[in-house]
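Along the sequence shown, residues carry numbers from 1. Just so you know, these numbers use all the heavy atoms, side chains as well, and skip hydrogens, waters and symmetry mates.
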Amino acid sequence: MDIEAGSGSHAYAAERGEPVPAPPPVPEAEPSLVARWRAEGGELVELLTRVRERTGGLAAFRLGPAPTVLVTDPQAVQHVLARHPDRYVKRSHRARLLIGDGVLAATGTAWKRQRRLLQAQFTGTGMRRHEQRITAAAETTAGRWADHARTGRTLDVAGEMRRFALDAIWRSLTGHPLDDGTERELAAVAAVATALPTLPADVGDARAAVAAELARIDAVARHAIEAARTGAAGPDGPGLLHVLLDAAAEHSEYTDRLIRDELVTLLTAGHETTATTLTWLYLLLDRNPGAREQALAAGGAGSAERRQAVQALVHETLRLYPSAWLLPRHATEDDTLAGHTVAAGTDILVCPYLTHRDPALWPDPERFDPRRFLAPDGRPAHPGAYLPFGIGPRACLGLQFALRETTVLLERLLPHYTLAFSAVPTGTEYGITVRPAGPALAVLNPAAKP
């Protein structure tokens, strides 16, 4: 039976010409649950967890007069994100202050045009053009790690992962390696992204609060655009900025402002999520050292077996800490979702973080176990059960890029070093991404030879 089409009794009534009763509303968590959460001053993820545990994979709750619907059931997730994205739309992006009208925040016709242009750059032939740049960024990181291991200096793991990911995307955007000055200025991107959840609701006040950081980002973008427009291609050939400039020659919509917005969008999405995933992965390996040993024992250097095992480390990290942990949508019309009525105007929260930790889908969900992604029946088959980058037409453009750069770096570093942490994060921050809260400091130790 297709629960999206309604119940069997509804269909039977329709066949007989009888009035079809309306589907019931989405089950709603009791107000006392929300009141207790407010009194405790909890984070949003704590409320969503309680709502899911109490009410199920499709549940409503009220923070104001209108209900918000939480979606974690895989079939309902697929309905919202993949089957009917026209009924459940993005109204605005939390990072619009930073990324402007870039593809992540764009909607409607503009989004389709921008997505079409960029999609070809992150699949097939487009991805092959990034391969040499990703490898070069990984080799640069390996050189720094060799120096740290030689000197015994403490390593800021999160900082190292940010530098690698920023170098990889910067090379792909501009054709040039990341230099120290640009890296210092682009620290403003992370500063604004971190500040977004705490900024004033008024757009003008919010912009004023991070005006200095936005000015630094704009200056880097202007310089990069001018360099791409007037200078020679980088050592690995022209980057994505040249693609955007070529589009501007044919389409008037691609103004310097839109090119800036796309550049900052790709910088933000292309390094923050990858750096966070890699940081979490090393923290998880610190608690589960056997997982590293199993991945390296799966096959020799460069073998398909080792690569698959390394990718399983990445996928299991993304299961626990998905790049997109919360996906807001807005219902544009009345709909029936998993047999329940959703009214036009309802706010929807799809939460991959909770779907990935549902014990009905993932046995022992809090345990780090990369073997889930190696065994044929180790993970749920439904596409709505694992979606670290989203699913459907608005799934992350850079999925292949992110998986490739994490795999390349780990294949380069894991065989040679283990990390001895002297400080680990004390908690988790739920902002645009799920970030470790606090420093991750470690000393590099040469790995024992097998």
Under a 3.5 Å cutoff, is there a donor and acceptor pairing between the side chains of [X] and [Y]?
X	Y	answer
Arg128	Thr125	yes
Arg129	Gln121	yes
Glu183	Trp170	no
Asp179	Thr182	yes

Practice item. Evaluate side chain to side chain contact (heavy atoms under 4.5 Å, CB included) for Asp364 paired with Asp369, printing each intermediate quantity in order. Key: CA-CA 9 Å; Asp364 198 3; Asp369 186 1; over 6 Å; no

List, one per line, each side-chain donor-acceptor pair under 3.5 Å for residues 317-329, sequence neighbours excluded.
residue : atom : partner : partner atom : Å
Thr317  : OG1  : Leu313  : O            : 2.8
Arg319  : NE   : Glu316  : OE1          : 2.8
Arg319  : NE   : Glu316  : OE2          : 3.4
Arg319  : NH1  : His356  : O            : 2.8
Arg319  : NH1  : Pro365  : O            : 2.9
Arg319  : NH2  : Glu316  : OE2          : 3.0
Arg319  : NH2  : Pro365  : O            : 2.7
Arg319  : NH2  : Arg367  : O            : 3.0
Trp325  : NE1  : Gly431  : O            : 2.8

Gap separating the [atom1] atom of [X] from the [atom2] atom of [Y], nearest 0.5 angstrom:
X	Y	atom1	atom2	result
Thr140	Trp145	OG1	CH2	14.0 Å
Thr274	Ile134	OG1	CD1	9.0 Å
Glu262	Asp101	CD	CG	9.0 Å
Ile259	Tyr254	CD1	OH	9.0 Å
Leu403	Met127	CG	CE	9.0 Å
Leu240	Arg171	CG	CZ	14.5 Å

Side chains of [X] and [Y]: does their closest heavy-atom pair fall under 4.5 Å?
X	Y	value
Ile348	Val350	yes
Gln132	Thr135	no
Leu266	Leu118	yes
Leu419	Asn445	no
Trp362	Arg357	no
Leu97	Arg207	yes
Leu349	Leu48	yes
Leu196	Ile432	yes

Can a salt bridge be assigned to the pair [X] and [Y] using a cut-off of 4.0 Å between side-chain N and carboxylate O?
X	Y	result
Arg372	Asp377	no
Arg222	Asp256	no
Arg163	Asp167	no
Arg229	Glu226	yes

Looking at [X] and [Y], what are the two nearest heavy atoms and their distance?
X	Y	answer
Thr174	His242	O-CE1, 4.4 Å
Gly270	Ile169	O-CB, 4.1 Å
Leu104	Ala269	CD1-CB, 4.0 Å
Ile99	Arg260	C-NH1, 4.0 Å
Val342	Leu337	CG2-CB, 3.8 Å
Tyr417	Ala149	CE2-CB, 3.7 Å

N/O donor to acceptor pairs below 3.5 angstrom from side-chain atoms of residues 433-443, sequence neighbours left out:
residue : atom : partner : partner atom : Å
Arg435  : NH1  : Glu272  : OE2          : 2.3

Arg371 atom CZ, over 12 foreign heavy atoms within 6.0 Å: no

For Glu253, does the CD atom have more than 12 heavy-atom neighbours from other residues, nucleotides or ligands under 6.0 Å away?
yes

Donor-acceptor contacts, no H, no angles, side chain residues 151-158, under 3.5 Å, sequence neighbours left out:
residue : atom : partner : partner atom : Å
Thr151  : OG1  : Asp147  : O            : 3.0
Thr151  : OG1  : His148  : O            : 3.4
Thr151  : OG1  : Arg153  : N            : 3.4
Thr151  : OG1  : Arg153  : NH1          : 3.2
Arg153  : NH1  : Asp147  : OD2          : 3.3
Arg153  : NH2  : Asp147  : OD2          : 3.0
Asp156  : OD1  : Ala158  : N            : 3.3
Asp156  : OD1  : Gly159  : N            : 3.1

#### Entry: Intermediate values then yes/no, side chain to side chain contact (heavy atoms under 4.5 Å, CB included), Leu47 and Leu63
CA-CA 10 Å; Leu47 173 62; Leu63 296 177; 3.8 Å; yes

Note to self: Between His330 and Lys90, is the side chain to side chain contact (heavy atoms under 4.5 Å, CB included) condition met? List the steps.
What the structure shows: CA-CA 6 Å; His330 185 75; Lys90 292 178 73 168; over 6 Å; no

Is a side-chain N or O of [X] found less than 3.5 angstrom from the main chain of [Y], in a donor-acceptor match?
X	Y	answer
Asp73	Gln75	yes
Arg306	Ala298	no
Ser252	Ala248	no
Arg91	Asp347	no
Trp37	Arg50	no

Test log, rule salt bridge (charged side-chain N to carboxylate O under 4.0 Å, His left out), inputs Asp261 and Arg257
CA-CA 6 Å; Asp261 291 347; Arg257 183 65 197 183; 3.5 Å; yes

Tabulate below the donor-acceptor pairs under 3.5 Å that side-chain atoms of residues 382-393 make, not counting sequence neighbours, or state none.
residue : atom : partner : partner atom : Å
His382  : ND1  : Gly384  : N            : 2.9
His382  : NE2  : Gln78   : OE1          : 3.4
Tyr386  : OH   : His315  : O            : 3.1
Tyr386  : OH   : His315  : ND1          : 2.9

Here the salt bridge (charged side-chain N to carboxylate O under 4.0 Å, His left out) pairs for residues 390-416, sequence neighbours left out, are Glu131-Arg404, Glu139-Arg412, Arg307-Glu411

| query | For Tyr430 and Thr428, what are the C-alpha separation, side-chain angles and deciding distance, and is it a side chain to side chain contact (heavy atoms under 4.5 Å, CB included)? | reply | CA-CA 6 Å; Tyr430 298 86; Thr428 305; 3.6 Å; yes

* Asked: Is the distance between the ring centroids of Phe122 and His130 less than 6.0 Å?
  -> yes

For Asp86, the side chain to side chain donor-acceptor pair (under 3.5 Å) test, sequence neighbours excluded, returns none

